[in-house]
Asks: 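The structure is given below, and queries will be raised subsequently.
Note that the structure is a prediction, hence the values are computed from the model and not measured. Here is the naming used below: chain letters follow the sequence lines, and residue numbers restart at 1 for every chain.
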Amino acid sequence: MATFAFRLALRSILHEKWINLLSILAIAASLLITALTVLSVYNVDVATQKLPERFSMMLYLKDKLSGGEVENIMNTLKKEHAVESVKYIPKDQALKELKTMLKGTDHVLEGLEENPLPDSIEIKLKKEAVGTETAQQLSTRLRETKGVDDVEYGEKFLFAISSIKTGVKTIGILFIMIMSASVIFVCYSTVKILFYRKKEEIETYKLLGATKGFIRAPFIIEGAFIGLSGGLLSLLGILLVYYIVIFRLSHTIPIFNALIFPANISFLLPPIGLSLGIAGAAIAIGRIRY
Amino acid sequence: MATFAFRLALRSILHEKWINLLSILAIAASLLITALTVLSVYNVDVATQKLPERFSMMLYLKDKLSGGEVENIMNTLKKEHAVESVKYIPKDQALKELKTMLKGTDHVLEGLEENPLPDSIEIKLKKEAVGTETAQQLSTRLRETKGVDDVEYGEKFLFAISSIKTGVKTIGILFIMIMSASVIFVCYSTVKILFYRKKEEIETYKLLGATKGFIRAPFIIEGAFIGLSGGLLSLLGILLVYYIVIFRLSHTIPIFNALIFPANISFLLPPIGLSLGIAGAAIAIGRIRY
Amino acid sequence: MINFENVSKHYDTQTALRNITFSIEKGEMAFITGLSGSGKTTLLKLIYLSEKPDEGTISIDSRELNTLKESEIPLLRRKIGFVFQDFRLLNNRNVFENIALALRIRGINDKDVKTRVFDALKTVNLRHKADYYPDTLSGGEQQRVVIARAIVSEPTVLLADEPTGNVDPDTSAGIMRTFKNINATGTTIIIATHNRELFRDTGRRVLKLDNGNLVSEERG
Amino acid sequence: MINFENVSKHYDTQTALRNITFSIEKGEMAFITGLSGSGKTTLLKLIYLSEKPDEGTISIDSRELNTLKESEIPLLRRKIGFVFQDFRLLNNRNVFENIALALRIRGINDKDVKTRVFDALKTVNLRHKADYYPDTLSGGEQQRVVIARAIVSEPTVLLADEPTGNVDPDTSAGIMRTFKNINATGTTIIIATHNRELFRDTGRRVLKLDNGNLVSEERG
Ligand SMILES: Nc1ncnc2c1ncn2[C@@H]1O[C@H](COP(=O)(O)OP(=O)(O)OP(=O)(O)O)[C@@H](O)[C@H]1O
Ligand SMILES: Nc1ncnc2c1ncn2[C@@H]1O[C@H](COP(=O)(O)OP(=O)(O)OP(=O)(O)O)[C@@H](O)[C@H]1O
Ligand SMILES: [Mg+2]
Ligand SMILES: [Mg+2]
């Protein structure tokens, strides 16, 4: 009886190859788009996670502070929640750095008799604090601190990056939700249509005395086949995209080199397709009544 | 007869509301995603199109060139393909600008007796040349030119931006193609399924002596209805996204303020849906033979 | 009016009709009989152009059917009413709409459709079933709906394929009376049936098929 | 074996059966007759549990049908063969597979399926049509396929609804001979028909329905 169910399913798949092919393609496309969206969001996340490390908050100190006063400020800073680490930069070192920065044209500074730069403290913020309002508030607060001349913090730029991140994530999640829904939708409606098309056949089965399991089995198998095929096809698609992006495009467009492809996750596509196919079929068949 | 075709179509739409609703939703989703992709690509394009204007190539001239020599270099530059405009910046002006840039800390330069900066020429590149290899080659070539001391050109950064642009465009176009294909696919397969489901009915129509037009009309009307409804629904969707993004998200995530929504284009969605629906229906029905 | 000349029809491995020649006069009422599978339905289908002959020529009103353009086929069919052996009723439409379809196809207006459909329903004694769907009707009721659909358009030719297979003798007699009335108005009628009662003592022509051959032409 | 007690069945506006009481003995062969729409098919459907009675009780082998659990319905149906008036053949399967389906449902192995299907086909004289699809068969051939499907599973009860409506008298006689043979092996048979020839001079019981009422019980 089990083999007959398989034969029936195979028969239906071959016989209705057209609609099955369409469904498989639709599921493959939906899964592929979902996977690509997941990858995009993942990549944007990884990329922007690295960015903040390069930015720090600069504290310019008033002239001629005593070592104790500097120590004091450093200690206050260390107690701040948002602060990861602090580093004291004496003005001599700052000048050296400025000279390195202006390199070719460092004769600009050659005529200086006295170092015009202030001492400063470089503050590295905790990752999660970068670009947030907390950091902004911190910079305003520090500006008022005794002994501090000025605070430099690239708020706008950092805030923009953090916004992009949030934005991409929000849109991405929305997108993943829409696409996931559409995969389920395709599976469901495919089986529903197949089931609907076989309404008369099912009616005859019931009339001849077939049990519910006997009627359901071929549809479940067919749904599983469609889902699995769609999953396999989307895996093929993502490997193709992977190939094109990594081996082709990255030669001409170097930024693609930075993309990360979690290949293991891609291999989840076939089982996901399979499960969705079976679930869709089961839902679509629904309850069989005599 | 025309009214009967409409009645038949209406009947079919009401009778098969389930499958019709599914199709409308699928088409709406596809159109919405296509539209959102178009918007995304458009926005990235607009955003990156503005960027290059801020960047220019700087040519630092050797000390004490004659007016004629400078003139000479300027003329050579103007003949270059990639060059949009050139501007001579005498060292005095450059110093003034440097002072403005360093503002708060401009006492750095106060001790200078003599302007240490070189004369320079600011080259604005043509938009399409920014970040390309041509520009890079140009900068190398200019470095060798008589009278030129050094060339400054933020190759890497600009190259990265140009890469992102190309990348987003490529992916976007790929995406639009996939989604457009899927809209046509949904329209086509919906009508095909509807048509397939009515195979027997059509057979009976033919046997009773109906003309081809009589048989086709209700399907075309139904396809048009599905396509138009899908289009209207996607328009609704995009207006909703518009509302959420502009009126809600942009408060908390300011970068969304920079987004451009070409509303007029959105209103093309219903007619596009309509055309696709009719086209899909016509293709799906195909040739009717007696 | 209807002429068959050396007509043969083969399906893949099966010969359904072999070298058939006969003619039916305008206004005649003739019967085709024969065992199950002898080719009765095939013969009617050839007249209706829902099958095409492999050999020979068929003409209606002196018009050879194989010279018909595809666009003329629906026009031919509108002149003919067909009582299909397998009914071909649409289960998603009620009885009224099933019968009305034959008129709507001809572009007849709603008012006329209504009166004519109800007239046809009365003829087959099913006026009270107008709002029912075919799959809720008994076998005999369905068959009568098919007859009503065939006669509602007042065709010049009526082809009836086993029109009484699912009805009791009384109903059957009623249907034959209806056919005779229609015939009396000038309609040419061909009835395929295995039911000898239908043509017994009618004095009409009876063509007998046997395994695709026309074996005899008698009077009933 | 089959008992009806005060059974009534109403469809929306239509009363199909009214207060029917009768019983059929094990191994009996009985006929149900009546005009078109009198309730014959409905009566058979009630036995098969494809319709449920609105009043009264039906029992088979002393088992009341309304006490059956849903999962027992397929098991009941496997004991019964049904010759459907509307055939219910699957057009996407050939004749062999259509008949085989009745056995596959019962989990019978391929080898047995083959021999038994071909035996059944021989019984109805359609061995040569095994590979054909139902829609390429003549009306009478289709009807015989349905009969083959009903008898192939060797049911203990056989319900035949108008089993000879589409066949010629000779074929009809052949089918009745087959039924008699099956009946002789102990199978209970109920035949619904409007064809008086079938029960004339058989000495079998004939239940006559009129407009949903059981009006007479005679011997044919
Ligand atoms: N489409 C088809 N393909 C193959 N064979 C066919 C097709 N249609 C009919 N036949 C065969 O042609 C023969 C004649 O069929 P036809 O339907 O004309 O018989 P009939 O005289 O109407 O029989 P019945 O009284 O049983 O309706 C039959 O053997 C049938 O199986
Ligand atoms: N599902 C249904 N819904 C509504 N009415 C129905 C349904 N099934 C049958 N009927 C009605 O019940 C009555 C009896 O139908 P049934 O099919 O039992 O008649 P029958 O005796 O088999 O007639 P026939 O000889 O024409 O097959 C008919 O008037 C029919 O229209
Ligand atoms: Mg026939
Ligand atoms: Mg009946």
Side-chain angles (χ1 to χ4, degrees), chain A residues 1-24 190-223 225-226 281-290, chain D residues 41 44-45 47-52 65-66 68-94 97-110 112-113 133-135 145-146 148-153 155-157 159 161:
Chain A
M1 205 183 110
T3 61
F4 185 63
F6 270 98
R7 255 155 58 196
L8 272 190
L10 188 69
R11 228 188 137 279
S12 168
I13 289 162
L14 292 176
H15 208 79
E16 318 241 24
K17 49 187 173 300
W18 194 84
I19 194 173
N20 273 302
L21 194 70
L22 285 182
S23 311
I24 290 169
T190 304
V191 176
K192 193 90 196 174
I193 286 162
L194 284 176
F195 195 72
Y196 200 101
R197 292 249 311 264
K198 295 201 180 138
K199 219 173 147 185
E200 200 202 315
E201 196 167 330
I202 290 165
E203 211 43 55
T204 304
Y205 272 59
K206 286 197 272 183
L207 279 179
L208 291 180
T211 57
K212 289 178 189 179
F214 190 93
I215 294 170
R216 273 203 201 100
F219 287 100
I220 300 284
I221 294 170
E222 196 162 354
F225 169 82
I226 292 172
I283 297 170
I285 298 171
R287 194 157 145 53
I288 291 174
R289 319 211 78 231
Y290 286 101
Chain D
T41 301
L44 296 185
K45 280 183 178 169
I47 299 173
Y48 204 59
L49 260 182
S50 71
E51 292 286 355
K52 294 207 168 83
L65 294 190
N66 58 12
L68 277 182
K69 273 178 293 177
E70 218 192 332
S71 60
E72 290 178 292
I73 294 177
L75 303 177
L76 169 78
R77 290 189 183 160
R78 291 189 196 176
K79 284 196 260 172
I80 305 175
F82 204 132
V83 179
F84 301 102
Q85 189 174 13
D86 53 357
F87 300 172
R88 294 194 166 274
L89 292 171
L90 301 177
N91 277 327
N92 57 1
R93 258 151 244 245
N94 65 22
E97 277 304 327
N98 264 285
I99 298 171
L101 196 57
L103 299 177
R104 304 222 193 267
I105 277 168
R106 291 164 170 84
I108 288 167
N109 70 53
D110 279 7
D112 289 357
V113 165
Y133 284 78
D135 53 8
V145 173
V146 180
R149 186 181 58 187
I151 64 177
V152 74
S153 58
T156 57
V157 177
L159 307 176
D161 194 0

Asks: Over 60° means perpendicular and under 30° means parallel, so classify the ring planes of D:Phe82 and D:Tyr48, tilted if in between.
Replies: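 Perpendicular: the ring planes of D:Tyr48 and D:Phe82 meet at over 60°.
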Asks: Given D:Tyr133, which of D:Leu90, D:Asn94, D:Asn91 fulfils the side-chain contact (heavy atoms from CB on, under 4.5 Å) condition?
Replies: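 When side-chain contact (heavy atoms from CB on, under 4.5 Å) is applied between D:Tyr133 and each of D:Leu90, D:Asn94, D:Asn91, only D:Asn94 qualifies.
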Asks: Tell me whether the count of non-hydrogen atoms from other residues, nucleotides or ligands lying under 6.0 Å of CD in D:Glu70 goes above 12.
Replies: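 More than 12 within 6.0 Å, yes.
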Asks: Quick check on D:Asn92 against chain A: is it the side chain, the backbone, both or neither that has a heavy atom closer than 4.5 Å?
Replies: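 Its backbone and side chain both get close to chain A.
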Asks: In the structure I gave you, are the side-chain heavy atoms of D:Asp112 and D:Leu103 within less than 4.5 Å of one another anywhere?
Replies: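 They are not in contact (no side-chain heavy atoms under 4.5 Å apart), so the answer is no.
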Asks: Could you tell me which portion of A:Leu8 (side chain, backbone, both or neither) has an atom closer than 4.5 angstrom to a non-hydrogen atom of chain D?
Replies: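 Answer is side chain: those atoms of A:Leu8 sit under 4.5 Å from chain D.
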Asks: If I measure from the heavy atoms of chain D, does A:Lys206 come under 4.5 Å with its side chain, its backbone, both, or neither?
Replies: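 Both the backbone and the side chain of A:Lys206 come within 4.5 Å of chain D.
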Asks: Does any backbone or side-chain atom of D:Ile108 lie under 4.5 Å from a heavy atom of chain A? Answer side chain, backbone, both or neither.
Replies: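 It is neither, since no heavy atom gets under 4.5 Å.
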Asks: Please classify the contact of A:Arg289 with chain D as side chain, backbone, both or neither, using a heavy-atom distance under 4.5 Å.
Replies: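 Both the backbone and the side chain of A:Arg289 come within 4.5 Å of chain D.
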Asks: Give a yes or no on whether the backbone of A:Gly209 and the side-chain of D:Arg78 come within a donor-acceptor separation of less than 3.5 Å.
Replies: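 Yes.
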Asks: Under 4.5 Å from any heavy atom of chain A, what part of D:Arg93 do you find: side chain, backbone, both or neither?
Replies: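 Contact with chain A involves both backbone and side-chain atoms of D:Arg93.
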Asks: Select, from D:Arg149, D:Arg106, D:Lys79, the one with the greatest count of heavy-atom pairs under 4.5 Å involving chain A.
Replies: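 Option with the greatest count: D:Arg149.
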